[in-house]
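Since the structure comes first, as structure tokens, the remarks are kept for the end.
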Amino acid sequence: MEPVRLEIAPEVNLDYVRSDKFKTGTLSVQLITPINERTASFGALLPSVLRRGTMSHPDMRSLSTALDLLYGSSIGCTVRKKGENQCIGFAASFIDEEFVPGGEKLLEPMCDLLGELLLDPVTRNGRFLNDYVESEKQNLIDAIRGIINDKRDYADLRLLQEMCRGERYGVDKFGSIARVEKITNQTLFRYYQELLSTAHLELFYCGSAGRERVEEAISRAFAPLQRGRVVPPVIAEKKNAPETPREITERMDVTQGRLSMGWRASTNDAPAMMLANLIFGGYSNSKLFLNVREKLSLCYYASSAYHRSKGIVTVSSGIECRDVETAKREILAQLASVQRGEFEEWEVEGARACLIASLESRGDSAGRMEENALGQAATGIRETADELIAALRAVTNERIAEAAQSMTLDTVYFLTGEDSKDE
């Protein structure tokens with residue numbers, strides 16, 4: 001089940017999925033803009049402030065009442081990073097009209113409410129309400145601190161920050177606490193006006209309503225949108241690894257060390273690289289899991305991820321601080337075995353089956369389809385599930401090894417305890 005992609009205005013697109021299999025309809029509106037350090041915190045804060053109220057529904061209670069009248073529909077704000085773009089907006093869920101008593105129409109009022117949230121937020125004297133902004137600033141700061149408190153997520157974030165320093169990919173989707181603290185209701189409103197004028201707008205619908213009706217409802221709800229010079233999503237820039245890998249050690253009050261490693265993968269053979277990553281550390285039958293974690297007991301956890309749009313592979317692991325050099329050597333040894341083509345047929349077919357099963361089940365979830373459609377719009381990587389499945393089936397063992405050989409170590413990040421001694 002693949003979306004039908006429609007351009008309803010310049011740099012305004014709709015991914016439409018006609019489906020009767022879900023009891024709820026899904027409607028998403030996302031602003032896509034190139035991410036950077038200066039504006040990331042503004043973008044992360046904006047949706048939650050907009051979600052506080054519109055001129056017609058100026059507070060959370062009024063908005064909740066409006067949603068209750070639509071049979072308990074929900075609207076959540078979203079902040080995501082896809083490639084080197086920040087994607088911010090709203091995702092709505094509502095009862096599919098086939099299950100609404102009396103055939104009452106919900107699509108149009110949901111579109112109208114989303115349009116209000118985005119285009120007619122509650123303001124006073126040309127700025128957002130200060131109480132709303134300050135309250136949501138504290139929530140965002142708490143969310144950023146939550147990442148710091150989760151040392152696994154923190155180490156993975158710090159690896160990308162160091163590995164991609166000076167690149168958009170190294171900017172966190174939430175920005176930083178220091179930049180959040182400096183935002184005012186006036187500066188946030190100025191950012192909001194600029195974003196509406198310049199950002200690419202991406203919409204997604206999945207439900208039983210006909211295409212023309214969905215287009216009409218969206219076009220009416222977002223008709224007040226004023227556009228200027230629109231900046232399309234940027235394609236992630238791929239870079240080479242340095243001649244000597246960067247080694248970063250950071251000390252915090254932790255008892256378990258976190259070792260994160262990053263490679264630049266220069267291959268353009270994405271299907272082969274996807275399989276190489278799974279064989280290396282991408283799932284529970286990978287070399288990292290079976291050997292480094294289970295057989296050698298060097299890691300509490302160890303897994304790898306392929307950042308396709310950026311051409312990066314990362315490894316995340318939790319270790320005893322004293323085992324860092326041994327763990328590093330074993331991780332590199334497992335990668336070397338993949339690069340030499342030293343894997344059994346069951347490893348290849350297991351990885352292939354895992355990826356294909358995931359792609360085949362994509363249509364079972366409206367949320368996954370929306371996530372995929374947004375990712376394609378933001379990264380420019382366009383392919384159907386069937387096309388990728390066919391490409392995966394055609395990958396040979398030689399191509400897997402060759403893709404893995406394109407990986408060059410870029411950065412090693414080690415988070416260790418304050419009292420730990422260097423090996």
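Keep in mind that what you see is a predicted model, and the values were worked out from it rather than measured. Along the sequence shown, the residues carry numbers beginning at 1. All heavy atoms count here, side chains included; hydrogens, waters and symmetry mates do not.
Proximity of a side-chain donor or acceptor of E108 to a complementary backbone N or O of A217 within less than 3.5 Å is not detected.
A 6.0 Å sphere centred on CD of E216 holds no more than 12 heavy atoms belonging to other residues, nucleotides or ligands. Remark: N240 CG is loosely packed, at most 12 non-hydrogen atoms of other residues, nucleotides or ligands lying under 6.0 Å away. For R382, the CZ atom sits in a packed shell: over 12 heavy atoms of surrounding residues, nucleotides or ligands are nearer than 6.0 Å. Within a 6.0 Å sphere centred on CZ of R220, heavy atoms belonging to other residues, nucleotides or ligands number more than 12. Heavy atoms from other residues, nucleotides or ligands lying under 6.0 Å from CD of E37 number 12 at most. The local environment of CD in E7 is crowded, with over 12 non-hydrogen atoms from other residues, nucleotides or ligands closer than 6.0 Å. In the displayed structure, N149 atom CG is contacted under 6.0 Å by more than 12 heavy atoms of other residues, nucleotides or ligands.
Scanning for side-chain contact (heavy atoms from CB on, under 4.5 Å) contacts around A9 gives V12, with sequence neighbours left out. Remark: S93 engages T24, S74 in a side-chain contact (heavy atoms from CB on, under 4.5 Å) (not counting sequence neighbours).
Between Y205 and Y16, the ring planes lie parallel to each other; the angle is under 30°, not in the 30° to 60° tilted range.
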Exercise for the section: Start with the C-alpha distance between S361 and R368, add both sets of side-chain angles, then the distance that settles side-chain hydrogen bond (donor to acceptor under 3.5 Å, both in side chains), and finish with yes or no. Expected result: CA-CA 9 Å; S361 66; R368 283 188 61 194; 2.8 Å; yes

Exercise for the section: Could you go through the side-chain contact (heavy atoms from CB on, under 4.5 Å) check for K310 and E167 one step at a time? Expected result: CA-CA 11 Å; K310 187 65 176 173; E167 303 173 51; 2.6 Å; yes

Handout entry: Worked check of side-chain hydrogen bond (donor to acceptor under 3.5 Å, both in side chains) between D156 and S260
Key = CA-CA 6 Å; D156 294 342; S260 296; 3.1 Å; yes

Exercise for the section: Start with the C-alpha gap between T65 and S62, add the side-chain angles, then the distance that decides, and say whether side-chain hydrogen bond (donor to acceptor under 3.5 Å, both in side chains) holds. Expected result: CA-CA 5 Å; T65 299; S62 178; over 6 Å; no

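When each of T54, V29, D112 is checked for a side chain to side chain contact (heavy atoms under 4.5 Å, CB included) with L117, only T54 meets the rule.
Side-chain contact between W263 and T408 is absent, with no heavy atoms from C-beta onward closer than 4.5 Å. Contact of the I141 side chain with the N139 side chain is not registered, since no non-hydrogen atoms from C-beta on lie closer than 4.5 Å. For the pair V171 and N36, the minimum side-chain heavy-atom distance is 4.5 Å or more. In this structure, the side chains of T39 and E194 stay at 4.5 Å or more apart for every pair of heavy atoms. When side chains are defined from C-beta on, E116 counts as touching H57, because their heavy atoms get closer than 4.5 Å. Counting heavy atoms from C-beta outward, R362 and N372 have side chains that approach closer than 4.5 Å. Residues T379 and I235 have side chains not in contact (no heavy-atom distance under 4.5 Å, counting atoms from C-beta outward).
Y169 carries K81 over the face of its six-membered ring, with the cationic atom under 6.0 Å from the centre and within 45° of the normal. Annotation: cation-pi geometry satisfied between R52 and Y132 (NZ/CZ under 6.0 angstrom from ring centroid, within 45° of ring axis).
Taking all atoms of both residues into account, the shortest heavy-atom contact from G375 to K82 is CA-CD, 4.0 Å. Taking every heavy atom of both residues into account, S41 and L140 meet most closely at O-CD2, 4.0 Å. Considering every non-hydrogen atom in both P121 and L50, the closest pair reads CB-CD2, 3.6 Å. In plain terms, the two heavy atoms of F22 and G363 that are nearest each other are CZ-O, 3.5 Å. For S28 against E370, the heavy-atom pair with the smallest separation is OG-OE2, 2.9 Å. Of all heavy-atom pairs spanning M163 and R264, the tightest one is O-NH2, 2.9 Å.
Side-chain contact annotation: E104 with Y71, donor-acceptor N/O pair under 3.5 Å present. No side-chain donor-acceptor contact under 3.5 Å links T33 and H200.
Within the structure, every pair that satisfies the salt bridge (Lys or Arg N to Asp or Glu O under 4.0 Å) test and touches residues 137-152, not counting sequence neighbours, is listed here: E134-K137.
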